[in-house]
Amino acid sequence: MALPKVRQVRARVVRGAGADYHDQDRGHWIDDHIATPMSKYPEYRDSRRSFGLNVLGTLVVEVEADDGTVGFGVTTAGEPGAFIVERHLARFVEGAVPSDVERIWDQMFHASLFYGRKGLVLNAISAVDLALWDLLGKLRDEPVYALLGGQVRDELTFYATGARPDLAKDMGFIGGKMPLQHGPAEGERGLAAGVARLAEMRERVGDDFWLMYDAWMSLDLDYAVRLTHAAHEHGLKWIEEALPPDDYWGYAELRRAVPPGMLVTTGEHEATRWGFRMLLEMGCADILQPDVNWCGGITELIKISALADAHGALVVPHGSSVYSYHFVSTRHNSPFAEFLMMHPQASEVVPMFTPLLLDEPVPVGGRLRLPERPGFGVRLNPECRLERPYTHEETT
Ligand SMILES: C[C@H](O)[C@H](O)CC(=O)C(=O)O
Ligand SMILES: [Mg+2]
């Protein structure tokens, strides 16, 4: 059956949570004194909003086919991303057959190489790509996981990211990842506080529950090595994003230096098969954590995952809710998934992209069977006010 072509691409933006999940009110655990690369400046230490982590907002890309079917994808690129989609990328999508994801991706990537390669541009490309996969699923009346070759397990299992692994354990998750709160600028006392918090959490959860620390790019190699060795006796399972994403050499060194059995993970701020090739060939991580909303979308994640598999590495994507779940359920080297606790106190399971999406499935008892709805199986909440700051019809 011939598929209808893409008639129109629209890039919309919205503020307040959604795909820009850091865009939360003050007092939310995700903004509460978390170690970052900006923590060396005391005035930016207490809140990530203070240095602009929530400045972009959510970008929603819609692709509408000739028959009126609409697919959509989301990312964090906000208004600058909307400009890139409307004024640049849309030309490679409109008039194309939605199943031509490879050619469309290649054209978007190569046409934006002169200012792209990573970051915002790859966020925007990801949202377009996800919108196409969603559209394709809707046109073929199949979930995205079926388009990807089918599920390799019936249920997903999750670890939870948030401030309260002890509560996550009670909710049935297999582990809990906490944000590290103090980095090198807060000296030995900060390091001791991080170890003490882990020790206290270990007391609460017992020995058989995974505990991890997410350092969100905030450490240096020396600090990371000292932290991991001090954390070893409290059973730290992995140290995540210990170093800035460009320090491939530091990650390789860290992986050699951590205590036996402790894992090094990273990749949520990396993009494309070439970025992940660096991580893999330099031996930077045991688990790669691409974010499908940021790394290039499903079309690129397929390649990243295959490359990782050939290197014996696991891929456990960062956040991204249904966009990750559809992928994870189809891959042998993605044995579990992340669930980001978006409740302000991390004390309840709420949909990760709330309030933007309707029908967003959440784990119950730490497990989830994906619904069989077509595409990614979610809808945009009509109560969210989406703006369309740019159009492109007159400029291409
Ligand atoms: C909790 C982390 O600082 C960040 O907000 C989310 C993240 O990196 C992750 O879920 O992984
Ligand atoms: Mg992380």
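Computed from heavy atoms alone, side chains included, the values below leave out hydrogens, waters and symmetry copies. Counting starts at 1 for both ligands and their atoms, in listed order. Quick caveat: nothing in here was measured; it's all calculated off a predicted structure.
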Is the centre of the W210 ring less than 6.0 Å from the centre of the F336 ring?
-> yes
Do you know which N/O/S atom name in D214 is closest to the Mg ion (ligand 2)?
-> OD2
Backbone or side chain, does any N or O of K177 fall under 3.5 Å from an N or O of ligand 1?
-> yes
Please find out if less than 6.0 Å separates the ring center of W238 from that of Y159.
-> yes
Round to 10° and report the angle made at the Mg ion (ligand 2) by OE2 of E240 and OE1 of E268.
-> 100°
So, for I298 and Y323, which heavy atoms are closest and what is the spacing to 0.1 Å?
-> CD1-O, 3.9 Å
Exactly one candidate in L122, L120, T75 meets side-chain contact (heavy atoms from CB on, under 4.5 Å) with W294; the answer is T75
Would you check if the Mg ion (ligand 2) lies under 2.8 Å from any N, O or S atom of E241?
-> no
What part of H318 sits under 4.0 Å from ligand 1 if we count only heavy atoms: the side chain, the backbone, both or neither?
-> side chain
Do H182 and Y223 have their ring centres less than 6.0 Å from each other?
-> no
With only distance considered, is W29 within less than 3.5 Å of ligand 1 through an N or O on each side?
-> no
Those atoms of ligand 1 less than 4.0 Å from some heavy atom in H22 = 4 (C), 5 (O)
Report, in ascending order of atom number, the atoms of ligand 1 lying under 4.0 Å from any heavy atom of I30.
-> 5 (O)
Just checking, any donor-acceptor pair under 3.5 angstrom between side chains of E240 and Q289?
-> yes
Per-atom contacts of ligand 1 with L340, taking only distances under 4.0 Å to non-hydrogen atoms | 10 (O)
Can you tell me which residue and heavy atom of the protein come closest to atom 10 (O) of ligand 1, and the distance to 0.1 Å?
-> E338 OE2, 2.5 Å
Given the side-chain rings of Y325 and F158, with only the six-membered ring counted for Trp, is the space between their centroids under 6.0 Å?
-> yes
Numbering as shown, the atoms of ligand 1 that approach E240 to under 4.0 Å (heavy-atom distance) | 9 (C), 11 (O)
Which of the atoms of ligand 1 are close to D214, meaning less than 4.0 Å from one of its heavy atoms?
-> 2 (C), 7 (C), 8 (O), 9 (C), 11 (O)
Using 4.0 Å as the upper bound for N to carboxylate O, is an ion pair formed by R388 and E86?
-> yes
Residue portion contacting ligand 1 (non-hydrogen atoms closer than 4.0 Å) for R48 | side chain
Is the closest heavy atom of Q289 to ligand 1 under 4.0 Å?
-> no
Quick one: sort the H269 and H318 rings into parallel, tilted or perpendicular, breaks at 30° and 60°.
-> tilted
Ligand 1 and Y21, any nitrogen or oxygen pair closer than 3.5 angstrom?
-> no
Has R48 got its NZ or CZ under 6.0 Å from the middle of the six-membered ring of W216, at an angle within 45 degrees of the ring axis?
-> yes
